[in-house]
Amino acid sequence: MEAPVISVIVPCYNEQQVLPFAIPKLLSQLKMMIENNTVSNNSFILCCDDGSNDNTWQLIEQYHIIDSHIKGLSLNSNRGHQNVLMAGIMHVKDKCDAAITIDADLQDDPDAIVQMIEEFKHGSEVVYGIRQSRRADSLIKRITSKCYYSMQKLFGLESVANHADCRLLSRYAMECLSQYSEQNIYLRGIIAQMGLKSSKVYYNRLARIAGKSKYTIGKMLDLAIDGITSFTSRPLRIIFITGLLLLLLDIIMSIYVFLSYFGHNVIPGWTSLMLSLWFLGSLILIGIGVVGEYVGKIYVEVKHRPRYQIKQVLE
Ligand code: UDP
Ligand code: MG
């Protein structure tokens, strides 16, 4: 079998401190794989600059002049991790047999790349990088991510435990991904949903090689909200069901209020106030829930997701 052409996609946002370590490390790994014929000599590293405002792009240009295995792509403005990954993947999808996405700070062990390629050669369309140990991540990050994944489970979303955005995608997987035209991308969710043959590669999550995290609280929150609202309208359904339950409670409350009224132990006005309070409260929630159900449906439609993907054709 001919050695596959592999591209390594590296999202970079203000990573001037990191690139002088990361690029040589990734490049030496690529060269090693080319030398022992694991990958084709046409393989390359694509550094994707997500609208950095430091010298990230200049550094990428310099590395490209030194070695043509380093290629670059830059976005006009900072579009965020998921978008820049998508830009990189769409750029390489017709230029390689598989692409591996890995963060510039090399927190996800680059040694996992070799194993990912092995899995790809054994027929996996998607290879998930799984963080075996996250001790290098801050306590807050570990706790919030645990809570978040439990919440996703509650809303009925499937996700691969301890997997972020370090993964290999085959050419076919990239082709499938290209059919998702939605604006709010949450790659973890979409790729899990595509249901392709997949496997996992485990590694220890390392500390950032230099610089600070580029994921601000705001960006993390954006990703978290996209991760739920792009995949399920169950939160809206929960409001609707709460409204129905409140209506049930309203009936019980009404009986109690009437009994109190006829027992003559209430101050004037209390009965009507209580009845309307409970009744209107539940009506309002049901109303929001019903509207929500429709908005949810429209939302799913507006995204124009592919309804199916053809796996094989017999001709
Ligand atoms: N990143 C990006 N655009 C952004 C934020 C981050 O391209 O708006 C890149 C960043 O350069 C890094 C990767 O996404 O390669 C992960 O970011 P970071 O390491 O800061 O996040 P953390 O590991 O702290 O979650
Ligand atoms: Mg990081």
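All values reported here derive from a predicted model rather than from experimental measurement. For ligands, and for the atoms within them, numbers begin at 1 and follow the listed sequence. The analysis underlying the following values was restricted to heavy atoms, covering all of them including side chains, and did not include hydrogens, waters or symmetry mates. For this chain, numbers begin at 1 and follow the sequence in order.
- Residue, atom and distance of the protein heavy atom nearest to atom 1 (N) of ligand 1 are Y13 CB, 3.7 Å.
- A salt bridge links D108 with R131; the closest basic N to acidic carboxylate O contact falls under 4.0 Å.
- Cluster membership for M33 and F44, using ILVMFWY side-chain heavy atoms within less than 4.5 angstrom, is not shared.
- Of all atoms in ligand 1, numbered sequentially from 1 with element shown, those under 4.0 Å from a heavy atom of A104 are 15 (O).
- The closest approach between any non-hydrogen atom of K141 and ligand 1 is below 4.0 Å.
- Put simply, the residue from P110, C166, P11 that forms a side-chain contact (heavy atoms from CB on, under 4.5 Å) with D103 is P11.
- Within ligand 1, counting atoms from 1 as listed, the ones closer than 4.0 Å to a heavy atom of N78 are 3 (N), 4 (C), 8 (O).
- Contact annotation: Q82 has no heavy atom less than 4.0 Å from any atom of ligand 1.
- At the top of the distance list for atom 23 (O) of ligand 1, counting protein heavy atoms only, stands Q107 OE1, 2.7 Å.
- K303 forms a cation-pi arrangement with Y299, by the criterion of a distance under 6.0 Å to the ring centre and an angle within 45° of the ring axis.
- Exactly one of L275, L249, T271 qualifies for a side-chain contact (heavy atoms from CB on, under 4.5 Å) with S254. That residue is L275.
- By the criterion of side-chain heavy atoms lying less than 4.5 angstrom apart, applied directly or through intervening Ile, Leu, Val, Met, Phe, Trp or Tyr residues, V291 is not grouped with L285; the two fall into different hydrophobic clusters.
- Summary of contacts: the protein heavy atom closest to atom 15 (O) of ligand 1 is P11 O, 2.7 Å.
- The protein heavy-atom contact nearest to atom 3 (N) of ligand 1 is D50 OD2, 2.6 Å.
- Summarising the local packing, CD of E118 is surrounded by more than 12 heavy atoms from other residues, nucleotides or ligands at distances under 6.0 Å.
- With L46 as reference, L73 is the one residue of I60, L73, V8, I89 to meet the side-chain contact (heavy atoms from CB on, under 4.5 Å) rule.
- Considering backbone and side-chain atoms together, V84 places no N or O closer than 3.5 Å to any N or O of ligand 1.
- Within ligand 1, the atoms closer than 4.0 Å to a non-hydrogen atom of E15 are 10 (C), 11 (O), 12 (C), 15 (O), numbered from 1 in the order shown.
- Nearest protein neighbour of atom 19 (O) of ligand 1, counting heavy atoms only, is D105 OD2, 2.6 Å.
- Scanning the protein heavy atoms around atom 17 (O) of ligand 1, the nearest turns out to be Y215 CD1, 3.6 Å.
- Taking all atoms of both residues into account, the shortest heavy-atom contact from A22 to A104 is CB-O, 3.2 Å.
- When the Mg ion (ligand 2) is compared with the N/O/S atoms of D105, atom OD2 turns out nearest.
- For atom 24 (O) of ligand 1, the nearest non-hydrogen atom of the protein is S213 OG, 2.5 Å.
- Between H163 and Y128, the ring centre distance stays below 6.0 Å.
- Residue contacts with ligand 1: R208 is included, with a non-hydrogen atom under 4.0 Å away.
- Note on E15 versus K214: salt bridge recorded, some NZ/NE/NH1/NH2 to OD/OE distance being below 4.0 Å.
- Connection of L30 to V18 is established within a shared hydrophobic cluster, with ILVMFWY side chains joined at heavy-atom distances below 4.5 Å, either directly or through further cluster members.
- Taking only non-hydrogen atoms, the option from H81, K214, K219 nearest to atom 8 (O) of ligand 1 is K219.
- Numbered from 1 in the order shown, with element, the atoms of ligand 1 that lie under 4.0 Å from a heavy atom of G80 read 3 (N), 8 (O).
- Taking only nitrogen or oxygen atoms, main chain and side chain alike, D103 does not reach within less than 3.5 Å of ligand 1.
- Distances from the Mg ion (ligand 2) show that Q107 has an N/O/S atom below 2.8 Å.
- Each of the following atoms of ligand 1 lies closer than 4.0 Å to a heavy atom of R205: 23 (O).
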